[in-house]
Each structure stands twice: as C-alpha cells, then as structure tokens.
Protein chains: 2
Amino acid sequence: MAKRWLTKRERQKLLLDTIENDPFLNDEELADKFDVSIQTIRLDRMELKIPELRERIKAVAEQNYAKVRSIDIEEIVGEIVDLELDKRGISILETTSKMAFGKTKVIRGDIIFAQANSLAIATIDAKVALTGVANIKYKLPVIVGQTLVAKAEVTRIRGNKKFVFVRTYVKQQEVFRAKFILVSLDDEEKHGIL
Amino acid sequence: MAKRWLTKRERQKLLLDTIENDPFLNDEELADKFDVSIQTIRLDRMELKIPELRERIKAVAEQNYAKVRSIDIEEIVGEIVDLELDKRGISILETTSKMAFGKTKVIRGDIIFAQANSLAIATIDAKVALTGVANIKYKLPVIVGQTLVAKAEVTRIRGNKKFVFVRTYVKQQEVFRAKFILVSLDDEEKHGIL
DNA sequence: TTGATATTAGCACCTGCTTCTAAAAGTATA
DNA sequence: TATACTTTTAGAAGCAGGTGCTAATATCAA
C-alpha cells in the first residue's frame, strides 16, 4: 500500500475510516499501512481522540456484550413469561428501531411473525417442531417502542400435528393473529412433513 | 463475599461461572472476590485453561464483531437478484447454522418467512408496505447450508392492496409458499389497514 | 512426623501503550 | 537564502495486566 503522497489531513481521515471498520489494528500495523512511523500514528490518534487498541477492543466487547444477550434471546424472539406445555404460552417483545424498516417507525412483519412462530413452537412439547401451515393476519401496524404481547393457545392435537392459535397485542389491542399447524420432527426426520 | 471455606475444586467451578458471565474481571479483582492471592487465581486459570483478561475481551469483541455484520445483512434477509417493480422479484438466501434451532440443522420457519416477506415488500412499488394477510405453507424442511430461492409474483392490484404470491425453492423443489396481501401505508398512515 | 497438595511470594520479561523531551525534515514566507 | 513554522521521527521512563519461572510456606491426611 503505497500511500506516499497523503497529506496529514488525508491520512487522518483515512485513519478514522480504517479503524472504524477494523478496530483490531495496533499502532505498528497502522504505521506500516500508512508508511509512517509509530509516533506519527500516535500523534494522529491523539489529535483525533482515537483511543488505544485495548480500549477500542474493550469498547467493542462491551457494546456487544449487552447485545449478545439480547441476540441470544432473539433466537427465541421475545421473552417467554408464561408457559404451560401443550396448552398455552405468553411472550413479550420490546420493539426497537432495529426491527423497523430503514427510516420508518413501523415494525417489520417478519419480526411480529417470528415472535408468534417462536412462541408457538415453544408452547409445543417436542424437541423440534416445524411450522406446517399458518394463516396469518396483520390487523394494525406496530410502531417502534411498543411492546408486543403474544398469547398462544393450543387448540387441537391430532397425532404429530398440533394446532396453535396465537394472538398478538399492543396494549390490549390485537395487532396480529395467526393459526399454526406444527408438526413434530421427531418421527418424520426426513421428508413428507405434510 | 466471604467464600472462606471453598475447596480448590469449588473455587475453580465458581471461577468458571464468574468469568463466564463477566469476562471483564482481572486477576486482582478475582483474587479479591475469592479471597485468595493473585497467584492462586493465575494457577487456577492455567489449570482451567482460562485465557487472560485481554484475550477474553478480545474474544468477546471478535465474536460479536462478526455477528453485528451478519445482523446488518439480516435486515435484508436474502439478496434480491432480479426485480421488476409491481411484477416479480427473485431473492436468494444462503442458510447458515445461525438460522437453525439450537443444535438441529433445520432452518427456522421465521427465517424462510422473513425472506419471502421481505421479497414481497421489495417487489411492491411503495415506500412502505405492510403485510395485511398471508396464507403460508411449509412443504419441506430446509437444512443448514441449502440455498433458498424465493420467487415473487404480483397477481393482483386493487386500490392500495396488492396481492403477491411467493414460492421458495431449494434446488427446484418447492419448500414453502405464501400469499401476501400488502397494503401501502402511504395513504393510510394511521389505522384501519384492513 | 513425613509427604503430598495447595497457596503465596518474588523477580525478570512481554506487549502496547502514555507522557515527555528533543531532534530532524519538509514547507512556506519574507 | 535565511527564518519560522509545521510535521515527522526518535528515545527514554513508566504503567497495566499479564506470563513463566523458582522457591518458600501452609494445610491436611496417614
């Protein structure tokens, strides 16, 4: 990377970018990259108020450590607060701007679906379940910040098929409903789910 | 925290737990916590093969740094490779183990739904669209590693309601299908979507 | 009391810095 | 061209949070 003819300003701008999308580079590696001395990099960092490698790594780790937990929970999508296997379940999901489309404040449909689907699956007493058929209906748009409360009810069990009805509310108002037919995968590992 | 009468084994077990849910503690803090010397903590870490603070932080940071990026991609859910507005669209999604349930290799239903839903919305020529009603059917389980190809077709347009039919395939085999009724939100900002 | 296990102590060394001082090198201006 | 200014480089001392090593104590069981 021959970046010889960079001015101080150009180099510092690039430095910001570089560290932005790879915070794991130490001063020596940065010095190599820009073909300057370590001291120059240090001066640049000072002027730009970029913290040292270890602080940067720590920041990344801390930022995401809080997130990790919510991502693990995201696997469930929503927190299950009540559950009686094969009977009913309740899941709560706080909506954030991440769950909305780009600039708008409307929560994406697949998020609402995912919560309902996950809850339906959690409510069923089977190691793995797969959604066979679902009938869904979005009744009202959900806005970022609103709390989604999904309530599942197992309505019928026939062999390895279980019927679950999920209704999702925002402050008592029904915003979504879905009817799932879940098929236990234990028996039918391979094909022919339906 | 008076943990005086811990045996070596008990302390080491607790140490693992402690570091597990707070990897940001250094040896001195751990020594205080367990009321032993720093050297003892070091010995414990060696025996348990727990890396030093900086390595732990780095690991946390790196793990999540990768995750953050895949979450950004998740916002799109699938890559749109062909699109004729208000007519049809095709989206491709490579499945990874992240999209599967815990230990199994079966892709979660909400992922497949999200791809289809996102594609349906992208196919519609409106700034914001919201899924009104959808009829969906999962035909075959999808295994981690398989590539999902979703094809959307706009079948009818009536006022601000647009009907989109999405079929998802794995190697020509249909694994999922859904019928969406999408409602443009431009006109009906507030309520009464349906 | 003797051994074995567990714990503590001390020292040299490492990385990736910070802070400081100081010397060059490059550039513009009078 | 000499002067002044900015920019870059260099070197030394110190710090945090360790590793790796040796050696001295404690503790406890037979």
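Letters A, B, ... are given to chains in the order of the sequence lines, protein chains preceding strands, and every chain is numbered from 1.
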K.L.:
Quantify the bending of the helix from C:dT1-D:dA30 to C:dA30-D:dT1 as the angle between its end axes, each fitted on five pairs, to 10°.
P.N.:
10°

K.L.:
Going by the side-chain contact (heavy atoms from CB on, under 4.5 Å) test, name the single residue among B:Ile41, B:Leu15, B:Leu43 that passes it with B:Val36.
P.N.:
B:Ile41

K.L.:
To the nearest 0.5 angstrom, please state how far the CD atom of A:Gln146 sits from the NZ atom of A:Lys171.
P.N.:
6.5 Å

K.L.:
Check every atom of D:dT8, C:dG16, D:dG17 against the side chain of B:Leu53 and return the nucleotide holding the closest atom.
P.N.:
D:dG17

K.L.:
In residues 36-50 of chain A, which ones come under 4.0 Å of DNA chain D, going by heavy atoms?
P.N.:
A:Val36, A:Ser37, A:Gln39, A:Thr40, A:Leu43

K.L.:
Measuring from the side chain of B:Asn26 (C-beta onward, heavy atoms only), which nucleotide among C:dC17, C:dT7, D:dG17 has the closest atom?
P.N.:
D:dG17

K.L.:
Measuring from the side chain of A:Arg54 (C-beta onward, heavy atoms only), which nucleotide among C:dT15, C:dA6, D:dG17 has the closest atom?
P.N.:
C:dT15

K.L.:
Using 0.5 Å steps for rounding, measure from the OG1 atom of A:Thr155 to the NZ atom of A:Lys87.
P.N.:
14.0 Å

K.L.:
Using atom names, set out every protein N or O paired with an N or O of nucleotides 25-30 of chain D below 3.5 Å, distance rounded to 0.1 Å.
P.N.:
none

K.L.:
Can you measure A:Glu52 atom CD to D:dG17 atom C1' for me and round it to whole angstrom units?
P.N.:
12 Å

K.L.:
Enter the distance from B:Gln12:CD to B:Leu48:CG here, rounded to the nearest 0.5 Å.
P.N.:
4.5 Å

K.L.:
Counting any heavy atom closer than 4.0 Å, what does A:Arg56 reach on the DNA or RNA strands: base, sugar-phosphate only, or nothing?
P.N.:
nothing

